[in-house]
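Numbering starts at 1 and runs along the sequence shown.
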Amino acid sequence: MRLWRKVSGLVKDQNSIFIASLSRRTPLRNPDIEAAVIKATSHDEFSMNMKNVDRVFRWLRLSSCNLKPLIWAISIRIEKTRSWVVAIKVLILMHGLYSTRLPCVQRIGRLPFDLSNFEDGHSRKHEMHGINAFIRAYFAFLDQKSSLLCMELHEKRSNNNMMIMMHNLDVEEKESYSIVQDLVVVQKLQSLLDVLLEIKPLSDSAIVPLVLEAMDCVMTEIFDVYSRIRNGISRVLSRINLFGKVEATMALKIIKKATIQAEELSLYFEFNRDIGVRNAEVCPIVEQISNEDIKELEEIINGVSDKEQKSDEMDRAIVVHENFGEKNDSKSNLRTIITDRWETFDEENGGCSAIVKYIPRTNPFEASLVPTNSINNVPVKPQELPDLISF
């Protein structure tokens with residue numbers, strides 16, 4: 001049976017390549033690109049043809065004008081097949097395209113094909129349940145990622161125009177706008193991570209070489225997304241002293257969500273190690289978020305911030321007297337200076353000046369993150385692992 005499927009798949013691939021070679025070259029069709037796509041997504045169920053995957057990427061790097069013929073070739077390929085092998089390879093190929101981080105790829109938007117209801121048409125339904133579910137989950141992630149990339153591209157342009165319009169605003173208003181934007185990005189990434197965690201083989205029959213190869217790509221994506229989440233939280237918490245109630249509420253929800261996702265990630269890594277996914281061999285380390293930051297966020301939400309408390313204390317402690325000594329001694333005014341030096345007191349000439357040390361907030365994520373390499377191929381195993389978040 002397996003030999004028959006192998007021979008049948010080989011014949012189908014050769015026929016598709018022959019038909020593609022007969023097509024006329026147009027702005028929408030390129031026979032060479034179509035042939036490369038067919039070879040990269042062949043019916044061989046054991047591995048990807050990386051030579052032709054690289055060839056597809058070279059076409060795209062050569063010119064962004066090749067994007068339309070490439071997307072057309074991929075769409076036609078997936079529409080004409082009911083093979084789980086071809087479906088997974090198409091998804092891995094699309095995943096690799098996004099990993100190139102080419103600007104033209106970011107403009108794709110929603111995927112031009114639909115695998116949300118995919119079912120393999122060459123095997124019994126109950127035997128393919130796990131693989132069918134895997135393909136649908138993988139498609140859902142890539143569809144959301146593609147949409148998010150396109151949205152980020154448009155938002156970046158909108159934000160640039162917005163900052164030009166906001167040039168008359170003061171520094172605090174601009175900073176508040178920037179903080180909210182960072183919080184929104186982290187929320188979107190957390191939503192994307194939720195979809196990523198749904199991608200896994202749900203049955204023993206789904207644990208096959210090609211699925212494990214796809215899972216390596218998924219694991220690499222998880223490292224990248226989680227690193228961006230961690231960077232975003234670190235960047236936001238470093239400006240916690242500028243938070244209002246809205247920003248504090250958003251940040252607290254993000255931190256609670258990050259804690260839940262840290263637990264889910266630990267279980268996810270354990271599962272993938274058990275089934276033999278190479279990129280899950282090392283488990284990430286859990287690092288805690290400062291309770292001080294969490295407490296301060298709760299105080300801001302409740303209407304009482306550390307900044308307000310300190311301000312009240314200073315108001316009570318500092319009393320400015322026009323005539324601290326004698327009535328006519330103008331040098332006796334009490335004054336406060338904020339500096340980075342230690343606290344000292346100067347009572348020269350009957351006056352008093354308090355120099356208060358400024359202590360910067362500690363970054364809860366000072367450990368180095370995994371560098372995310374832009375690659376021109378299917379994602380590969382990272383060298384170091386980021387830490388998970390919990391508190």
Val86 reachable from Ile76 in the ILVMFWY side-chain graph, under 4.5 Å edges: no

Rounded distance (nearest 0.5 Å) linking atom CG of Leu242 with atom CD1 of Ile179: 5.0 Å

Common cluster, Phe141/Met151, ILVMFWY with side-chain heavy-atom separation under 4.5 Å: no

Sidechain-backbone polar pair: Thr259 side chain, Ile255 backbone, donor-acceptor under 3.5 Å: yes

Non-hydrogen atoms of Arg107 and Cys150 that approach each other most closely: O-SG, 4.3 Å

Sidechain-backbone polar pair: Asn52 side chain, Val37 backbone, donor-acceptor under 3.5 Å: no

Pair Glu221 + Lys145: basic N to acidic O under 4.0 Å: yes

Under-4.0 Å salt bridge between Lys257 and Asp194: yes

Criterion side chain to side chain donor-acceptor pair (under 3.5 Å) on Ser116 and Asp114, from CA distance to verdict: CA-CA 6 Å; Ser116 58; Asp114 185 9; 2.7 Å; yes

Approximate separation, where rounding is to 0.5 Å, of Asp13 CG and Ile38 CD1: 7.5 Å

Between Phe269 and Phe223, ring centroids under 6.0 Å: yes

Contact check, side chains of Asn272 and Val218, non-hydrogen atoms, under 4.5 Å: no

Common cluster, Val246/Ile254, ILVMFWY with side-chain heavy-atom separation under 4.5 Å: yes

Residue pair Val11 / Gln14, side-chain heavy-atom distance below 4.5 Å: no

Nearest non-hydrogen partners of His95 and Cys217, listed with the distance: CE1-O, 3.6 Å

Steps toward side chain to side chain donor-acceptor pair (under 3.5 Å) verdict (Asn49, Ser42): CA-CA 8 Å; Asn49 186 327; Ser42 68; 5.7 Å; no

Side-chain donor/acceptor of Lys89 to backbone N/O of Asp44, under 3.5 Å: yes

Check: Glu34 and Ile19 side chains under 4.5 Å, non-hydrogen atoms: no

Pair Val186-Leu183, side-chain contact (heavy atoms from CB on, under 4.5 Å): steps then yes or no: CA-CA 5 Å; Val186 174; Leu183 289 167; 5.8 Å; no

Between CD on residue Gln190 and CG on residue Leu193, distance to nearest 0.5 Å: 8.0 Å

Thr220 side chain vs Asp216 backbone, donor-acceptor pair below 3.5 Å: yes

Cys104 vs Leu60, side-chain contact (heavy atoms from CB on, under 4.5 Å): CA-CA, chis, key distance, verdict: CA-CA 9 Å; Cys104 61; Leu60 194 56; 4.0 Å; yes

Pairwise side-chain contact, Tyr138 with Ile92, heavy-atom cut-off 4.5 Å (strictly under): yes

Backbone N/O of Leu115 and side chain of Arg136: donor-acceptor pair under 3.5 Å: no

Criterion side chain to side chain donor-acceptor pair (under 3.5 Å) on Thr81 and Ser83, from CA distance to verdict: CA-CA 5 Å; Thr81 187; Ser83 167; 4.5 Å; no

Heavy-atom side-chain proximity of Phe113 to Phe139 below 4.5 angstrom: yes

His43 side, atom NE2; Lys12 side, atom NZ - distance, nearest 0.5 Å: 5.0 Å

Separation between CD1 of Ile300 and CD of Glu247, rounded to the nearest 0.5 Å: 8.5 Å

Approximate separation, where rounding is to 0.5 Å, of Leu252 CG and Glu296 CD: 12.0 Å

Nearest heavy-atom neighbours spanning Ser23 and Pro31: O-CG, 3.5 Å

Minimum side-chain heavy-atom gap Ile131-Asp120 below 4.5 Å: no

Heavy-atom donor-acceptor pair, Lys80 side chain to Ser75 backbone, under 3.5 Å: no

Stepwise side-chain contact (heavy atoms from CB on, under 4.5 Å) check, Ser203 with His129: CA-CA 8 Å; Ser203 64; His129 168 73; 5.6 Å; no

Ring-face cation of Lys200 near Tyr268 (centre distance under 6.0 Å, axis angle within 45°): no

Cationic N near anionic O, under 4.0 Å, Arg110 to Asp143: yes

Heavy-atom pair of closest approach, residues Pro201 and Phe134: N-CD1, 3.9 Å

Ile260 and Lys256, any side-chain heavy atoms less than 4.5 Å apart: no

Name of the residue among Arg228, Lys188, Arg239 meeting salt bridge (charged side-chain N to carboxylate O under 4.0 Å, His left out) with Asp182: Arg239

Ser146 side-chain N/O to Leu142 backbone N/O, donor-acceptor pair under 3.5 Å: no

Shared hydrophobic cluster for Ile17 and Trp72 (ILVMFWY, side-chain gaps under 4.5 Å): no

Min side-chain heavy-atom separation Trp59-Leu67 under 4.5 Å: no

Worked verdict on Leu70 versus Asn30 for side-chain contact (heavy atoms from CB on, under 4.5 Å): CA-CA 8 Å; Leu70 175 57; Asn30 184 319; over 6 Å; no

